[in-house]
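Position 1 is the first residue of the sequence, and the numbers go up from there.
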Amino acid sequence: MADGRERRRFPRVSLELKVGYELAHWKEDDPAAVHHPVYVRTRDVSLGGVGLADVIHIDRHAFHQLLTGKRKVRLEIHLPGREEPLYCFARLVWGHEPEGDVVRRAGFAFIDVSPLFFHELSSFIEAHLSGKASHGERQGSGE
């Protein structure tokens with residue numbers, strides 16, 4: 001029954017955060033080993049994953065490796081007011097086909113997150129949803 005309500009496991013907030021990503025192999029196990037991140041912007045974030053916009057340097061081959069689970073990404077998420085970024089791996093769960101080497105919209109699910117990652121992101125999202133986030137943290141993407 002479609003009633004228009006959000007049915008996600010975790011609440012999602014629409015906002016822009018600075019996120020670095022790089023492709024990783026499944027055997028890699030250090031999420032903080034980011035060597036050459038490409039920076040993109042978030043469309044939204046939840047405790048389960050992140051929606052990204054204009055993900056560059058993802059051609060059709062890389063996109064299909066991500067979509068079929070042959071590769072994953074390493075993420076570096078910068079939260080306002082936090083000096084160090086949060087690191088994790090994520091898998092592509094949906095995305096628009098690349099236009100050249102740009103994926104306009106893509107959704108990534110976090111995998112194997114650390115307790116620190118979960119706690120910090122949870123606190124940030126809770127503050128944002130309750131209106132306790134600072135003005136700079138509450139600025140959404142406006143899209």
Checklist entry - Any donor and acceptor pair, going by atom type alone, linking the side chain of Glu22 with main-chain N or O of His36 inside 3.5 Å? => result yes
Next on the checklist: So Arg105 and Trp94, do their side chains get closer than 4.5 Å, heavy atoms only?
Outcome noted: yes
Checklist entry - Is the shortest heavy-atom distance from the side chain of Tyr87 to the side chain of Ser114 under 4.5 Å? => result no
Checklist entry - Do Val34 and Val113 belong together in a cluster built from hydrophobic side chains that touch within less than 4.5 Å? => result no
Checklist entry - In Å and rounded to the nearest 0.5 Å, what is the NE2 to CZ distance from His25 to Arg74? => result 9.5 Å
Checklist entry - Is there side-chain contact between Trp26 and Arg91, with at least one heavy-atom pair below 4.5 Å? => result yes
Checklist entry - Does the pair Arg82 and Phe124 meet the rule for a side-chain contact (heavy atoms from CB on, under 4.5 Å), with working shown? => result CA-CA 10 Å; Arg82 190 172 197 286; Phe124 175 78; over 6 Å; no
Checklist entry - How far does OG1 of Thr42 sit from CD1 of Ile77, to the nearest 0.5 angstrom? => result 8.5 Å
Checklist entry - Which pair of non-hydrogen atoms, one from Val93 and one from Ala109, has the smallest distance, and what is that distance? => result CG1-CB, 3.8 Å
Item to check | Minimum heavy-atom distance Ala106-Val103, with the two atoms named | outcome: CB-CG1, 3.9 Å
Item to check | His64 vs Arg71 side-chain heavy atoms within contact, under 4.5 Å | outcome: no
Checklist entry - Yes or no on side-chain contact (heavy atoms from CB on, under 4.5 Å) for Val73 and Leu23, after CA distance, side-chain angles and deciding distance? => result CA-CA 4 Å; Val73 293; Leu23 295 177; 4.0 Å; yes
Item to check | Distance (rounded to the nearest 0.5 Å) between Asp112 CG and Lys72 NZ | outcome: 7.0 Å
Checklist outcome for this item: Tightest non-hydrogen contact, residues Gly20 and Pro37, listed as CA-CB, 4.0 Å
Checklist entry - Hey, is the main chain of Leu52 close enough, under 3.5 Å, to the side chain of Arg43 for a donor-acceptor pair? => result no
Checklist entry - When hydrophobic residues are tied together by side-chain contacts of less than 4.5 Å, even through go-betweens, does Leu129 share a cluster with Leu17? => result yes
Checklist entry - Do Arg104 and Asp54 touch side chain to side chain, with heavy atoms closer than 4.5 Å? => result yes
Checklist entry - Would you call Ser122 and Leu47 a side-chain contact if the rule is heavy atoms closer than 4.5 Å? => result yes
Item to check | Spacing of CD belonging to Glu76 relative to CG belonging to Leu86, to within rounding of 0.5 Å | outcome: 10.0 Å
Checklist entry - What do you reckon, is NE2 of His119 surrounded by more than 12 foreign heavy atoms closer than 6.0 Å? => result no
Next on the checklist: Return the NE2 to CG distance between His128 and Leu15, rounded to the nearest 0.5 Å.
Outcome noted: 5.0 Å
Checklist entry - How about Tyr21 and Val50: do any of their side-chain heavy atoms sit closer than 4.5 Å? => result no
Checklist entry - Do Ile58 and Ile56 share a hydrophobic cluster, counting only Ile, Leu, Val, Met, Phe, Trp and Tyr and linking them when any side-chain heavy atoms are less than 4.5 Å apart? => result yes
Checklist entry - Using 30° and 60° as the class limits, which term best fits the ring planes of Phe117 and Phe110: parallel, tilted or perpendicular? => result perpendicular
Checklist entry - What are the two closest non-hydrogen atoms of Pro98 and Arg60, and how far apart are they? => result O-NH2, 3.6 Å
Checklist entry - Does Val38 belong to the same Ile/Leu/Val/Met/Phe/Trp/Tyr cluster as Val102, with side-chain heavy atoms less than 4.5 Å apart forming each link? => result yes
Next on the checklist: What's the separation between atom NE2 in His61 and atom CG in Leu66, rounded to the nearest 0.5 Å?
Outcome noted: 10.0 Å
Item to check | same_hphob_cluster(Leu75, Phe118) at 4.5 Å side-chain heavy-atom cutoff | outcome: yes
Next on the checklist: Among residues at least two apart in sequence or on other chains, which ones pass ring-ring contact (aromatic ring centres under 6.0 Å, His included) with Phe89?
Outcome noted: none
Next on the checklist: Contact between Ser46 and Leu121 at the side-chain level, heavy atoms closer than 4.5 Å - yes or no?
Outcome noted: no
